[in-house]
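Below: one structure, written as structure tokens.
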Amino acid sequence: MKNETRQQQENPADKYPKPPFPKKPQDVPGTESAMDPKADHGEQTYKGKARLTGKVAVITGGDSGIGKAVAIAFAREGADVLISYLDDIEDRDAEDTAKYVEEAGRKAVLVKGDISSERHCQKIIETAVKEFGKIDILVNNAAYQMSRETLQDIPAWEWEKTFAVNIHSMFYLCKAAEPHMPPGSSIINTTSVNAYEPNPTLLPYAATKAAIQNFTANLSQILLQQDKGIRVNAVAPGPIWTPLIPSTIPDHEHFGENTPFERPGQPAEVAPAYVFLASDEANYISGATLPVTGGRITI
Ligand code: NAD
Ligand code: MG
């Protein structure tokens, strides 16, 4: 072999830690620093190929987990990023994500607050337009869930809150953003393997994820029929190691064992799906859902 550099071959099942993990429950919404083992957001590995040069992205839940890996990947592909997140306790996570965006030579703007309020969603979009002048990519990624054993264990406020955070916010954000999205833009919504195979301990959450699938397909039709040139797609992750898990799943020691890989995915393994859907390479893809499930089947 001359100057050829060969990529190291590795079984993807063996690439990251497998359960059991230590039992380390957190309060909602959870933080990166309290996670054990630490998650991989592609900090050391993601290499950009100028696939989003000059684009502007808004990412809800961009402080941690999947949203953080997406923010890092987008910035390394050449995009400026607005990161929306919920809570004071996540300030450090959000600032760390912003640091990686800035190290990639891009601008990061942080907006904290609750996206279940339409007014707050409008503020996120107004801030992006004020700072960047347009929005090319809207990633609706933030979500709430809580494990409950029985129907009687689910308070009505939690049912309503889950829908408000997970799906009402998508309507508010898409509606506010659309007038500022030029042709060639794209919306990417985070759904879940729960849209196909609902986990009995996540009744409201799984129902919102099924709603997100339908919303994605239908909004795609609406925007393309109107010739807006805005594509709308979804990503359906399987079990991914993020602060959502130790803060809402009591049995997180065994999280991800129920995949053919026998381990959860890492945020870094999900982010490339968002890059692809946001890029011009996905020019002819709209109304689709891309599963990233470690081999869990979604047909
Ligand atoms: P995460 O905790 O890192 O991210 C979720 C983010 O949502 C939080 O950082 C928080 O800031 C934000 N958020 C929550 N409630 C909010 C509110 N009311 N207002 C504003 N922001 C709010 O966890 P994650 O796993 O990376 O979650 C990202 C997405 O991935 C979610 O849509 C989740 O449903 C989805 N998902 C996760 C998994 C998994 O196993 N982790 C599997 C399938 C789908
Ligand atoms: Mg967070």
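Numbering of ligands and ligand atoms starts at 1, following listing order. None of these values were measured; they are calculated from a predicted model.
- When all heavy atoms of His120 and Asp114 are compared, the pair lying nearest together is CB-O, 3.4 Å.
- Ligand 1 has no nitrogen or oxygen under 3.5 angstrom from a nitrogen or oxygen of Ile245.
- The shortest contact between atom 12 (C) of ligand 1 and any protein heavy atom is with Ala142 CB, 3.6 Å.
- Residue, atom and distance of the protein heavy atom nearest to atom 19 (N) of ligand 1 are Ile115 N, 2.9 Å.
- For the ligand labelled ligand 1, residue Val193 lies outside the 4.0 Å heavy-atom shell.
- Which parts of ligand 1 touch Gly61 is read off a 4.0 Å heavy-atom cut-off, strictly below it: atoms 6 (C), 7 (O), 12 (C).
- Considering both main-chain and side-chain atoms, Ser84 never comes within under 3.5 Å of ligand 1 through any nitrogen or oxygen pair.
- Side-chain contact of Ser64 with Asp93: a donor-acceptor pair under 3.5 Å is absent, judged by distance alone.
- At a heavy-atom distance under 4.0 Å, no atom of Lys68 approaches ligand 1.
- Side-chain contact annotation: Tyr205 with Asn199, donor-acceptor N/O pair under 3.5 Å absent.
- Contact check on Glu126 versus Arg119 returns a salt bridge, with a Lys/Arg side-chain nitrogen under 4.0 Å from an Asp/Glu carboxylate oxygen.
- Ranked by closest heavy atom to atom 32 (O) of ligand 1, the top entry among Thr248, Asn141, Asp87 is Asn141.
- Contact between Thr60 and ligand 1 is absent, with no heavy atom of the residue lying under 4.0 Å from the ligand.
- Only the side chain of Asp63 comes within 4.0 Å of ligand 1, judged by heavy-atom distances.
- Residue Gln145 places no heavy atom under 4.0 Å from ligand 1.
- Between the side chains of Ser220 and Ser286, at least one donor N or O lies within less than 3.5 Å of an accepting N or O.
- Under 4.0 Å from ligand 1, the heavy atoms of Thr242 that appear belong solely to its side chain.
- Within a 6.0 Å radius of CD in Gln152, no more than 12 heavy atoms belonging to other residues, nucleotides or ligands are found.
- Under the 3.5 Å distance criterion, with hydrogens and angles disregarded, a donor-acceptor pair is assigned to the side chains of Thr150 and Asp153.
- Among protein heavy atoms, the minimum distance from atom 43 (C) of ligand 1 is reached at Pro237 O, 3.3 Å.
- Look at Thr242 and the Mg ion (ligand 2): no N/O/S atom of the residue is under 2.8 Å from the metal.
- Tyr46 and Glu77 are linked by a side-chain donor-acceptor pair at a separation below 3.5 angstrom, with hydrogens and angles left out of the test.
- Annotation for ligand 1: atoms under 4.0 Å from non-hydrogen atoms of Ser64 are 1 (P), 2 (O), 3 (O), 4 (O), 9 (O).
- Interface of Glu90 with ligand 1, defined as ligand atoms under 4.0 Å from a residue heavy atom, comprises 8 (C), 9 (O), 10 (C), 11 (O).
- At the shortest separation from atom 14 (C) of ligand 1 among protein heavy atoms lies Ala143 O, 3.4 Å.
- Nearest-residue assignment for atom 20 (C) of ligand 1 (options Gly65, Gly113, Ala94; heavy-atom criterion): Gly113.
- In this structure, the protein non-hydrogen atom closest to atom 17 (C) of ligand 1 is Leu86 CD1, 3.5 Å.
- Annotation: Val165 places no N or O atom under 3.5 Å from an N or O atom of ligand 1; distance criterion only.
- For a distance bound of 2.8 Å, the N, O or S atoms of Asp63 include one lying that close to the Mg ion (ligand 2).
- Any N or O atom pair closer than 3.5 Å counts here, and Ile66 shares at least one such pair with ligand 1.
- Proximity of Tyr144 to ligand 1, defined as any heavy-atom pair under 4.0 Å, is not found for any part of the residue.
- Among the candidates Thr97, Asp91, Thr60, Asp63, the single residue satisfying the side-chain hydrogen bond (donor to acceptor under 3.5 Å, both in side chains) test with Tyr85 is Asp91.
- Heavy-atom contacts of Tyr205 reach the following atoms of ligand 1: 33 (C), 34 (O), 35 (C), 36 (N), 43 (C), 44 (C) (cutoff under 4.0 Å).
- Just one of His252, Arg263, Arg296 meets the side-chain contact (heavy atoms from CB on, under 4.5 Å) condition when paired with Pro239; it is Arg296.
- Nearest-heavy-atom check against atom 42 (C) of ligand 1 across Ser192, Gly30, Pro239, Gly238 picks out Gly238.
- With ligand atoms numbered from 1 in the order given, ligand 1 contributes 2 (O), 23 (O), 25 (O), 33 (C) to contacts under 4.0 Å with heavy atoms of Leu244.
- At least one N/O-N/O distance between Asp114 and ligand 1 falls below 3.5 Å.
- When the heavy-atom distances from atom 44 (C) of ligand 1 to Ile240, Val235, Thr191 are ranked, the shortest goes to Thr191.
- The Thr190 neighbourhood of ligand 1 comprises atoms 29 (C), 30 (O), 32 (O), 35 (C), with distances under 4.0 Å to a heavy atom of that residue.
- The one candidate from Thr190, Asn189, Thr216 that meets the side-chain hydrogen bond (donor to acceptor under 3.5 Å, both in side chains) condition with Asn140 is Asn189.
- For the pair Lys107 and Glu131, the salt-bridge criterion is met [side-chain N within less than 4.0 Å of a carboxylate O].
- The pair Asp80-Lys134 does not count as a salt bridge, with every side-chain nitrogen at least 4.0 angstrom from each carboxylate oxygen.
- Looking at Lys38 and Asp40, no side-chain N of the basic residue comes within less than 4.0 Å of a carboxylate O on the acidic one, giving no salt bridge.
- Leu82 pairs with exactly one of Ile135, Leu110, Val111, Val129 by the side-chain contact (heavy atoms from CB on, under 4.5 Å) rule, that one being Val111.
- Between the Mg ion (ligand 2) and Glu90 there is an N/O/S contact shorter than 2.8 Å.
- Interatomic distance, NE2 of His180 versus CG of Asp136, reported as 13.0 Å (0.5 Å rounding).
- For the residue pair His168 and Glu118, no side-chain donor N or O sits within less than 3.5 Å of a side-chain acceptor on the partner.
- For the pair Trp241 and ligand 1, no heavy-atom separation below 4.0 Å is found.
- Heavy-atom separations between Gly62 and ligand 1 are all 4.0 Å or longer.
- In this structure, Lys161 forms a cation-pi arrangement with Tyr144, its terminal cationic atom sitting closer than 6.0 Å to the ring centre and no more than 45° off the ring axis.
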